[in-house]
Q: 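First the structure, then my questions, so here it is.
Each chain gets a letter, A, B and so on, in the order the sequences are listed, and its residues count up from 1.
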Amino acid sequence: MEENNIASAGNFIEKIIDEDIKNNINNGRIVTRFPPEPNGYLHIGHAKSICLNFGLAEKYNGTCHLRFDDTNPAKEEMEYIRSIKEDIKWLGFDWKKHEYYASDYFDKLYEIAVKLIKEGKAYVDSLGPEEIREYRGTLTSPGKNSPDRDRSVEENLDLFEKMKNGEFEDGKYLLRAKIDMSSPNLNMRDPALYRIKRMSHHRTGDNWCIYPMYDFTHPLSDAFEEITHSVCTLEFEDHRPLYNWSVDESGVPSKPRQIEFARLNLNYTIMSKRKLLTLVEKGYVSGWDDPRMPTISGIRRRGYTPESLRDFASRIGVAKSNSTVDFALLEHCLREDLNVKAKRVMAVLDPLKVIITNYPEGKTEMLEADNNPEDESMGKREIPFSRKIYIEKDDFMENPPKKYFRLSPGKEIRLKHAYYVTCTDVIKDPDTEEIIEVHCTYDPESRGGWTEDGRKVRGTSHWVSAAHAFEADVRLYSHLFTSENPEEATGNFLDDIAQDSLEVLKGCKLEPSLLKAVPGESFQFLRKGYFCADSVYSNPGAPVFNRTVSMRDTWAKLQKAAAKKM
RNA sequence: UGGGGCGUCGGCAAGUGGUCAAGCCACCGGUUUUUGGUGCCGGUAUCGUAGGUUCGAAUCCUACCGCCCCAGCCA
């Protein structure tokens with residue numbers, strides 16, 4: 001079974017792992033980890049990393065840890081931990097018992113720092129932030145040694161302990177690695193290992209007033225957990241020598257290997273926690289879970305499925321070149337998933353009244369409708385039909401252009417699952433000339449939407465019975481930004497915010513079965529798109545719908561192209 | 001100007017010296033269709049540039065060019 005897919009190559013990380021397994025590194029054991037800092041909500045970019053790390057573990061029969069990189073209490077909160085766990089689970093991954101926190105390692109980390117001091121590999125520095133910067137040198141010129149660099153081991157030990165015991169104010173001292181102030185890699189110019197920061201930590205409370213830095217904590221956490229492949233994003237490439245330094249000098253036997261890949265960029269949106277936070281704080285969106293947000297919680301509320309996201313992650317691949325993926329690919333994955341899963345229903349978003357003049361007044365009949373033509377097992381349902389119905393306003397045109405095969409005077413169309421109708425009359429408001437009603441006759445022989453004479457009826461419209469439909473709000477969304485690469489033009493992404501990314505439609509007419517829609521449940525509103533009941537605005541018996549994504553619309557595309565030519 | 005990376009179709013991305021340079025999305029045709037949806041069929045690149053090595057190079061060498069990252073006591 002495994003042998004027949006030699007041709008299916010796999011990404012460059014899998015090649016590295018294959019090679020490691022071949023060379024019997026770590027006895028073939030594979031352990032990865034997803035290490036978020038709990039300082040915000042997860043977004044689609046994180047989903048790529050989650051799918052990658054958990055996916056590697058699955059593929060190689062290994063394990064994937066969830067580890068919170070919580071070494072900076074200034075930005076971290078319990079709420080973020082809760083949401084991160086929720087989002088990973090929703091995506092369909094399970095870290096089982098492997099839930100870890102960098103803060104759980106604070107004691108061990110401290111001990112290793114002491115060991116480094118004893119070995120003369122770390123020192124306590126009294127230089128201030130500005131001085132540190134000056135001493136560091138620049139990209140093109142080497143740095144110079146701090147006057148404290150040769151402080152005695154005893155003094156360093158004493159000072160570090162006092163740092164820990166809270167005897168100094170914040171920022172007074174810094175524990176630094178003693179590496180090389182003239183290294184061409186700035187990360188190696190005696191990087192900070194510990195800073196003094198009096199701040200309550202969400203898990204360790206006030207136990208500590210010194211906190212370890214990322215470059216010290218992360219590699220060692222990986223080593224403690226015996227991670228074999230530590231996958232991170234490209235900007236950490238420069239940190240790899242320091243990562244290895246930390247692991248090697250710590251004396252921990254485990255030797256995790258850091259591998260870097262390109263983070264995900266998507267056009268028409270942003271993928272930076274800082275910028276997303278700005279959108280929330282400045283009120284451009286209703287929250288982290290606003291359906292327009294690229295956060296996992298946002299797109300979940302919007303109606304995206306975990307399967308579509310995982311499919312997306314596998315299709316975009318994993319490589320090292322900075323790239324921007326077309327949002328249309330995500331939408332494609334979504335539609336493909338929803339197409340086979342979503343129940344078809346009829347909803348008229350912009351209603352136009354139609355009277356079927358030869359249909360008996362007061363009569364109601366139930367018509368049978370497929371729930372999903374892609375999947376017969378989803379069964380059928382009954383929908384009510386009567387003399388007065390609604391169709392979509394743009395499914396009627398008094399003076400239609402060529403190739404318009406919806407309703408127009410004298411033309412016959414099919415009402416989905418119902419009858420053929422022919423337009424006989426157009427009623428207008430005498431003052432405004434606005435079309436307020438259309439009259440049709442129906443062919444009783446066409447019940448169900450076809451006739452025995454085999455006559456071709458090209459257009460098919462969805463509809464709802466006026467007496468049986470209920471009204472609801474439907475919320476339409478489009479890209480939050482007007483440009484593919486927000487910020488590119490002016491340097492400020494806020495300049496590219498779309499003014500009309502949310503459109504709330506009131507009084508839409510929905511078929512009765514939708515009254516029972518459960519928050520989060522997805523439907524295909526026939527010919528209009530995929531929609532789901534909103535989890536925040538819906539009330540029992542009064543659902544509010546989000547448009548998850550529209551249908552592909554070849555006709556609209558043709559119209560747009562034609563308009564452009566004129 | 002130092003260091004680390006990356007450059008293959010409009011967007012992703014395979015390809016690691018040898019049949020027509022995979023596949024997906026997008027786009028354009030056609031076809032099917034009780035969703036102008038879905039499905040199906042077909043179309044679209046000589047590989048950043050310039051040299052070189054070789055019978056043969058996207059794949060090796062050289063030199064250029066372009067883009068990204070690094071000077072937090074953030075991660």
Q: When both hydrogen-bonding distances must be under 3.5 Å and the geometry is Watson-Crick or G-U wobble, what is A63(B) paired with, if anything?
A: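 Checking every strand shown, A63(B) finds its partner in U49(B), with both distances under 3.5 Å.
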Q: Is there a side-chain contact between C423(A) and V354(A) in this structure, where contact means two heavy atoms from C-beta onward sitting under 4.5 Å apart?
A: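 Contact flag for C423(A)/V354(A) side chains = no.
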Q: Closer than 4.0 Å, any side-chain N/O of T71(A) to the OP1 or OP2 of C74(B)?
A: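 No, no such contact exists.
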Q: Look at the side-chain N and O atoms of K557(A) and state whether any lies under 4.0 Å from the OP1 or OP2 oxygen of A26(B).
A: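 K557(A) to A26(B) OP1/OP2: no side-chain N or O under 4.0 Å.
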Q: Pick base, sugar-phosphate or nothing for V549(A), based on heavy-atom distances below 4.0 Å to the nucleic acid.
A: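 Nothing, no heavy atom under 4.0 Å.
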Q: Which nucleotide, if any, forms a Watson-Crick or G-U wobble pair with C27(B), using both distances under 3.5 Å?
A: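 Partner of C27(B): G43(B).
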Q: Please give the distance between the C1' atoms of G43(B) and A26(B) as a whole number of Å.
A: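 The same atom, C1', in both gives a distance of 14 Å.
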Q: Assess, by modelled atom type and distance only, whether the side chains of T451(A) and D453(A) contain a donor and an acceptor separated by less than 3.5 Å.
A: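 There is such a pair between these side chains.
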Q: Does R552(A) place a side-chain N or O at less than 4.0 Å from the phosphate oxygens OP1/OP2 of G36(B)?
A: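 It does not, given that no N or O in the side chain of R552(A) lies less than 4.0 Å from OP1 or OP2 of G36(B).
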Q: When the P atoms of A58(B) and C9(B) are compared, how many Å lie between them, rounded to an integer?
A: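 Their P atoms lie roughly 14 Å apart.
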Q: G72(B) phosphate, OP1 or OP2: any side-chain N/O from R133(A) under 4.0 angstrom?
A: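 Result: yes.
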Q: Take atom C1' in U53(B) and the same atom in C60(B), then report the distance between them in whole Å.
A: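 It comes out at 8 Å once rounded to the nearest Å.
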Q: Do the side-chain N or O atoms of S323(A) get closer than 4.0 angstrom to the phosphate oxygens (OP1, OP2) of A13(B)?
A: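 Yes, S323(A) has a side-chain N/O under 4.0 Å of OP1/OP2 on A13(B).
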Q: Does a distance-only test, which skips hydrogens and angles, find a donor-acceptor pair under 3.5 Å between the side chain of R344(A) and the base of U35(B)?
A: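 Yes, the side chain and the base share a sub-3.5 Å donor-acceptor pair.
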Q: May I ask you to decide whether R176(A) forms a salt bridge with D148(A), counting only side-chain N to carboxylate O separations under 4.0 Å?
A: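 Between D148(A) and R176(A) there is no salt bridge, as every charged N stays at least 4.0 Å from the carboxylate O atoms.
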Q: Please tell me whether Y105(A) and E225(A) have a donor and an acceptor in their side chains that are separated by less than 3.5 angstrom.
A: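 Yes, because at least one side-chain N or O of Y105(A) sits under 3.5 Å from a partner of the opposite role on E225(A).
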Q: Any donor-acceptor pair under 3.5 Å between the side chain of R406(A) and the base of G36(B)?
A: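 Answer is yes: a donor-acceptor pair is held.
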Q: Tell me which one of K416(A), R527(A), K528(A), Q524(A) satisfies side-chain contact (heavy atoms from CB on, under 4.5 Å) with M346(A).
A: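 Of all the options given, the one that passes is K416(A).
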Q: On the nucleotide G15(B), are OP1 or OP2 found under 4.0 Å from the side-chain N or O atoms that K15(A) carries?
A: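 Yes, K15(A) has a side-chain N/O under 4.0 Å of OP1/OP2 on G15(B).
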Q: With heavy-atom distances below 4.5 Å as the criterion, would you say the side chains of T71(A) and F216(A) are in contact?
A: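 No; the side chains remain at least 4.5 Å from each other.
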Q: Please give the distance between the C1' atoms of C70(B) and C61(B) as a whole number of Å.
A: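 C70(B) and C61(B) have their C1' atoms separated by 30 Å.
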Q: With rounding to whole Å, what would you report as the distance between G7(B) and U46(B) at their C1' atoms?
A: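 Pairwise C1' distance, G7(B) against U46(B), rounds to 16 Å.
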Q: Would you state whether a donor and an acceptor, one from the side chain of D238(A) and one from the base of G3(B), lie under 3.5 Å apart?
A: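 Answer is yes: a donor-acceptor pair is held.
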Q: When you measure only distances, ignoring hydrogens and angles, does the side chain of E235(A) come within 3.5 Å of the base of G5(B) through a donor and an acceptor?
A: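 No such pair is found, so the answer is no.
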Q: Between C74(B) and R274(A), is there an OP1 or OP2 to side-chain N/O distance shorter than 4.0 Å?
A: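 No, R274(A) has no side-chain N/O under 4.0 Å of OP1/OP2 on C74(B).
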Q: Can you tell me, in whole Å, how much space there is between the C1' of G23(B) and that of A45(B)?
A: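 Their C1' atoms lie roughly 14 Å apart.
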Q: Can you find a donor-acceptor pair, distance only, under 3.5 Å between Q524(A) side chain and U35(B) base?
A: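 Yes, the side chain and the base share a sub-3.5 Å donor-acceptor pair.
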Q: Looking at G2(B), I'd like to know if its phosphate oxygens (OP1 or OP2) sit under 4.0 Å from a side-chain N or O belonging to R136(A).
A: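 For R136(A), the contact criterion (side-chain N or O under 4.0 Å from OP1 or OP2 of G2(B)) is not met.
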Q: Give a yes/no answer on whether the side chain of S321(A) brings an N or O atom under 4.0 Å of OP1 or OP2 in G5(B).
A: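 For G5(B), neither OP1 nor OP2 has a side-chain N or O of S321(A) closer than 4.0 Å.
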Q: Within the pair R527(A) and G36(B), is there a side-chain N or O less than 4.0 Å away from OP1 or OP2?
A: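 True: R527(A) side-chain N/O within range (under 4.0 Å) of G36(B) OP1/OP2.
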Q: Under 4.0 Å between a side-chain N/O of H462(A) and OP1 or OP2 of U35(B), yes or no?
A: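 H462(A) to U35(B) OP1/OP2: no side-chain N or O under 4.0 Å.
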